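Data block below; observations after.
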Amino acid sequence: MSTATENLLDWLRDAHAMEQQAEKMLTAQSERLEHYPELKARIVQHIDETRGQRELLESCLQRLGSSPSTFKDLSAKVMAFGQAVAGMTVSDEVVKGAMSGYVFENMEIAAYTVLIAAAEEAGDAQTQTACEQILKQEVAMADWLREHLPQITAAFLQRSAAPDLDAKR
C-alpha cells in the first residue's frame, strides 16, 4: 500500500523524466528544422519553458526530501534519441514531428492533471501550484500545435510539390 505522498513523489519523478525526454526531442527537432521558422521559434520557446518545468519539478522533489530518478531520466533520454533518429528517416519529418509533438503535449497534460489531483490529495499546495503553472504551458503548446497543424501541413505540401525545394525539415 502507498500513501498519496509516495505516489505523488513517484509521479513527480516520472514527470521529471518526461521533461528530460521532451527537452531532448524538442532540441533535436529544432536543430533539424530549416524551412519552418514559425514552428522552430515556438519549439525554441517551449524548450525554455521545458527547462523551467524541469527545475520546478526538481524543487518540488527536493522540498519533499527526494530527487529525480537517474534510471527514469536516462531511459527517457534514450527514448528521445530513438525518436529523433526515427524522425530523420521519414520524408515528411516536419509533419510527423508536429503530430508527435501534439500527442506528447497531450500526454504531459494528462500527467500534470494527475499530479495536480495527487498534490491536492496529499495536501501539498506548493506542488499543486507548480503543476498548475506547468499545465498552463503544456496546454498552450498543445493548442498552438493543434491550431498550426493545417498551416504546417500546407507549407510541407507546397514545398514537397516544388522540385527545387526541400520539404522534409
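This is a predicted model, so every value here is computed, not measured.
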Subject >> Any donor-acceptor N/O pair, T153 side chain to L149 backbone, under 3.5 Å >> reply: yes

Original post:
By salt bridge (Lys or Arg N to Asp or Glu O under 4.0 Å), which residues pair with E49, not counting sequence neighbours?
Top reply: R42

Original post:
Can you tell if the side chain of T27 reaches within under 4.5 Å of the side chain of E23, non-hydrogen atoms only?
Top reply: yes

Distance-only criterion, 3.5 Å: show the donor-acceptor pairs between side-chain atoms of residues 106-116 and protein atoms not counting sequence neighbours.
unit_1: N106; atom_1: ND2; unit_2: Y102; atom_2: O; d: 2.8
unit_1: Y112; atom_1: OH; unit_2: E19; atom_2: OE2; d: 2.7
unit_1: T113; atom_1: OG1; unit_2: I109; atom_2: O; d: 2.7

**OP:** Please round to the nearest 0.5 Å and tell me the distance separating atom CD1 of I47 and atom NZ of K24.
**Re:** 11.0 Å

Original post:
Would you say the side chains of R159 and H35 form a donor-acceptor pair under 3.5 Å?
Top reply: yes

**OP:** Grab the two heavy atoms, one from Y36 and one from F156, that are nearest each other, plus how far apart they are.
**Re:** OH-CA, 3.4 Å

Subject >> Contacts of E31 that satisfy salt bridge (Lys or Arg N to Asp or Glu O under 4.0 Å) - sequence neighbours left out >> reply: none

Subject >> Atom CD of E120 with >12 non-hydrogen neighbours under 6.0 angstrom >> reply: no

**OP:** Identify, with sequence neighbours excluded, every residue that meets side-chain hydrogen bond (donor to acceptor under 3.5 Å, both in side chains) alongside Q158.
**Re:** none

Subject >> Spacing of L12 atom CG and H16 atom NE2 [to the nearest 0.5 Å] >> reply: 10.5 Å

Original post:
Taking side chain as C-beta onward, heavy atoms only, is E38 less than 4.5 Å from W144?
Top reply: yes

Subject >> 4.5 Å side-chain heavy-atom contact, M99 and L145 >> reply: no

Subject >> Inter-residue atom distance I152.CD1 - L39.CG, 0.5 Å rounding >> reply: 4.5 Å

Subject >> Distance in Å, Q45 CD paired with L26 CG, rounded so as to fall on 0.5 Å steps >> reply: 11.5 Å

Original post:
At their closest point, which heavy atom of V94 faces which heavy atom of L33, and how far apart are they?
Top reply: CG2-CD2, 3.7 Å

Original post:
Rounded to the nearest 0.5 Å, how far does CD of Q29 lie from NE2 of H46?
Top reply: 11.0 Å

Side-chain donor/acceptor pairs under 3.5 Å, residues 125-132, sequence neighbours excluded:
unit_1: Q126; atom_1: OE1; unit_2: R63; atom_2: NE; d: 3.4
unit_1: T127; atom_1: OG1; unit_2: R63; atom_2: NH2; d: 2.6
unit_1: T127; atom_1: OG1; unit_2: D124; atom_2: OD1; d: 3.3
unit_1: T127; atom_1: OG1; unit_2: D124; atom_2: OD2; d: 2.6
unit_1: Q128; atom_1: NE2; unit_2: E132; atom_2: OE2; d: 3.1
unit_1: T129; atom_1: OG1; unit_2: A125; atom_2: O; d: 2.9

**OP:** Flag the pair E138 / Q53 as yes when at least one side-chain heavy-atom distance between them is below 4.5 Å, and no otherwise.
**Re:** yes

Original post:
Which atom pair, heavy atoms only, marks the closest approach of E121 to A4?
Top reply: CG-CB, 4.1 Å

Subject >> Nearest-0.5 Å distance, CD of residue Q20 to CE of residue M25 >> reply: 12.0 Å

Original post:
Can you find a pair of side-chain heavy atoms, one from R13 and one from L61, that are under 4.5 Å apart?
Top reply: yes

Original post:
For E6, which residues count as a side chain to side chain contact (heavy atoms under 4.5 Å, CB included) partner, sequence neighbours excluded?
Top reply: S2, T3

